[in-house]
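Below is one structure, written out as structure tokens, with a few remarks after it.
In what follows, every chain begins at residue 1, and chains take the letters A, B, ... in the order their sequences are listed.
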Amino acid sequence: MNMEMKKPNEQQTTLEIKNLVIHYISDDEVVKAVNGVNIEIKAGKTLGLVGETGAGKTTTALSILNLVPEPQGKILSGEILLEGRSVLAMSELELEAIRGDKVAMIFQDPMTSLNPVHTVGDQIAESIEIHRKVSKQEALKQAKEMLELVGIPSERSNEYPFQFSGGMKQRVVIAIALTCNPNLLIADEPTTALDVTIQAQVLKLINELRQKYHMSMLMITHDLGIVAEVCDEVSIAYAGRIIEHGTLEDIFDHMRHPYTKGLFDALPDIGARRSELKPVKGLMPDPTNLPSGCPFHPRCDYAMEVCSRSVPENKWLSETHCVECHLYTDTNESML
Amino acid sequence: MDETIAKYTTRKGFFKQYKKKSRLQEIWTRFLRNKLAVVGLVIFVFIVLVAIFAPLIAGYDTEAIRINVPNRLHSPSAAHIFGTDELGRDIMARIVHGARISLVVGCAAIAFALFVGGALGAIAGYLGGKIDDVIMRCMDVFLCLPDVLLALAIVAAFGTNLVNLTIAIGLAFTPKFSRLVRSAVMTVRGIEYVEAARAIGATNTHIITHHVLINCFGPIMVQVTLYVANAILTISALSFIGLGIQAPIPEWGNMLASGRVYMRDYAYIVIAPGMAIFMTILSLNLLGDGLRDALDPRLK
């Protein structure tokens with residue numbers, strides 16, 4: 001299975017995204033999906049990318065494998081460094097070599113991410129056959145081991161996806177992602193399509209395997225509960241920007257950005273069942289027509305005059321915690 | 001007894017019970033449930049067998065093409081089940097040998113169309129953009145012309161022999177297959193498992209052959225059977241107007257053409273080849289419908 005332990009090296013950066021800008025350009029409009037995202041994931045660490053639908057999370061994830069849908073999706077500027085190598089400069093051949101091998105992806109919907117006409121064993125073996133020079137039999141044998149690893153009896157490798165339940169399909173998808181022992185695992189809302197108990201099982205599985213094989217992970221989600229459970233660091237995405245980034249503690253206990261606070265306020269409190277939910281007022285801005293200045297200012301309770309004029313700079317409040325908000329131009333203290 | 005215990009206690013035994021039918025078996029079971037489709041299959045298999053064993057049923061040189069004028073225009077009898085034609089040839093022998101031509105040309109033409117049109121359609125549908133535009137606008141030009149007219153023009157330009165006829169009919173059906181395969185590919189292309197395949201590093205060729213086309217197999221198979229029927233009809237039509245298979249080679253269309261002069265007094269001359277065409281087309285259509293239902297359980 002080629003799963004020799006990799007030496008964790010805290011200094012090593014698995015993924016670094018610098019100032020990434022991706023727009024979807026069609027005949028009559030430009031969808032500004034990603035507008036300057038900065039992300040860094042150290043070897044063996046997990047970063048949670050949190051945001052509403054349409055915040056550019058999935059587009060960012062796809063860009064890591066250079067899979068942004070052509071021809072509308074255009075990576076306009078920025079840099080994506082995978083262990084120091086620029087993904088955007090790679091040829092199609094080089095990309096095919098890293099996809100599934102160095103970087104693997106778990107897709108959102110297990111119902112549609114498995115091909116209905118191939119057995120699950122074949123689908124897991126496919127990735128092995130592509131990246132490892134092994135015979136079909138050997139690949140199938142490894143595929144069976146992978147199935148056992150994610151908790152599915154290997155006898156079922158000859159069955160088709162329709163014979164599996166949703167949670168088991170997601171396990172298969174995880175098995176496919178992990179077969180080649182990637183350095184970076186991108187999980188794009190891996191539990192959204194599953195019910196809560198299965199969610200917990202799948203998360204536990206991902207977490208265990210990730211630690212066992214020492215992978216870095218980018219966990220995309222809009223569920224703060226998942227973030228608290230599996231992530232080391234958190235980035236909050238809004239309208240294609242990372243508006244706040246920090247360790248789990250920075251974000252959960254010392255949140256600075258009004259939007260982050262809004263997200264936490266919008267969580268139901270199990271201790272006060274009668275209290276009303278406080279949603280973030282308004283809606284996500286239309287990505288074809290973003291507001292001037294800070295994209296959050298029309299919805300922000302703390303908006304000042306400067307907010308509509310200029311985009312706030314990224315400010316580091318501590319070693320680990322940074323925020324993009326005009327409230328913190330002069331101070332590091334919480335203004336919320 | 002031990003076996004029963006093993007069935008429920010060992011892991012292998014436990015899963016053995018759940019051993020499901022393979023996909024093909026399931027499709028076959030569903031197909032058998034459709035009585036009309038089975039009738040279609042039986043008729044078609046019968047026609048294919050007749051074509052294969054034609055020389056055993058009737059001699060080609062002795063009965064199908066040898067002119068025997070004293071014997072002309074005999075009504076159906078024990079010696080000549082479908083009677084004899086205006087030149088004294090046995091109609092049954094001619095139909096049996098004609099089946100070979102119709103089936104071979106029909107299947108070869110559709111295979112050609114499927115291969116060429118399918119490849120073009122798959123490329124157009126998968127890659128999209130400018131390539132799609134260029135390929136499909138060319139196909140649209142061909143699609144504007146009726147099949148018979150297009151085939152007719154090609155045969156008229158290059159001459160009427162078996163190979164030219166096959167290619168002509170194949171080309172006439174190529175744009176239909178490119179449309180069909182393109183739309184099937186486009187539906188499948190958007191599904192997440194294709195994106196997932198790209199994410200594990202599969203090449204475009206691998207994705208088209210292993211993930212996209214195999215998922216379009218059902219609708220394409222159905223159309224193949226229906227278009228084979230169409231192609232056989234086109235061959236007969238071309239032969240009827242004298243641009244297909246040339247006399248004295250027996251072919252259903254040219255049998256109709258030469259027999260139509262005598263139709264008023266000797267109707268059996270045209271009834272038999274007409275029935276042969278009719279039965280072939282009908283069986284293929286029933287077969288195609290049955291396949292469609294069997295391959296797509298949601299239609300039930």
- prompt: Does atom CZ of A:F162 have more than 12 heavy-atom neighbours, drawn from other residues, nucleotides or ligands, at distances under 6.0 Å?
  reply: yes

Nearest atoms (heavy-atom pairs only) where B:A196 meets A:S113: CB-O, 3.8 Å

- prompt: Could you go step by step and tell me if A:E126 and B:H210 meet the side chain to side chain donor-acceptor pair (under 3.5 Å) rule?
  reply: CA-CA 10 Å; A:E126 189 180 2; B:H210 282 72; over 6 Å; no

query: Tell me, side chain or backbone of A:L65 under 4.5 Å from chain B's heavy atoms, or both, or neither?
result: side chain

- request: Examine whether an atom of A:E129 lies under 4.5 Å from a heavy atom of chain B, and if so say whether it belongs to the side chain, the backbone or both; otherwise answer neither.
  value: neither

query: Of the non-hydrogen atoms in B:E192 and A:T112, which two are nearest, and what is the gap between them?
result: OE1-OG1, 3.1 Å

- prompt: Does any non-hydrogen side-chain atom of B:H211 lie less than 4.5 Å from one of A:H118?
  reply: yes

field: Contacting moiety of A:V103, where chain B heavy atoms sit under 4.5 Å
entry: backbone

B:F31 atom CZ, neighbour heavy-atom count above 12 within 6.0 Å: yes

- prompt: So which of A:D109, A:D101, A:N115, A:I98 has the biggest tally of heavy-atom pairs under 4.5 Å with chain B?
  reply: A:N115

task: Let me know if A:L62 has heavy atoms under 4.5 Å from chain B in its side chain, its backbone, both or neither.
output: side chain

- prompt: Is B:Y193 close to A:P161 at the side-chain level, that is, under 4.5 Å between some pair of heavy atoms?
  reply: no

task: Please say which of A:P182, A:C180, A:S127 ends up in a side chain to side chain contact (heavy atoms under 4.5 Å, CB included) with B:I200.
output: A:S127

- request: Between chain A and each of B:I191, B:N215, B:I214, count heavy-atom pairs under 4.5 Å; write down the option with the most.
  value: B:N215

Shortest non-hydrogen contact between A:M105 and B:A199, atoms and distance: CB-CB, 4.3 Å

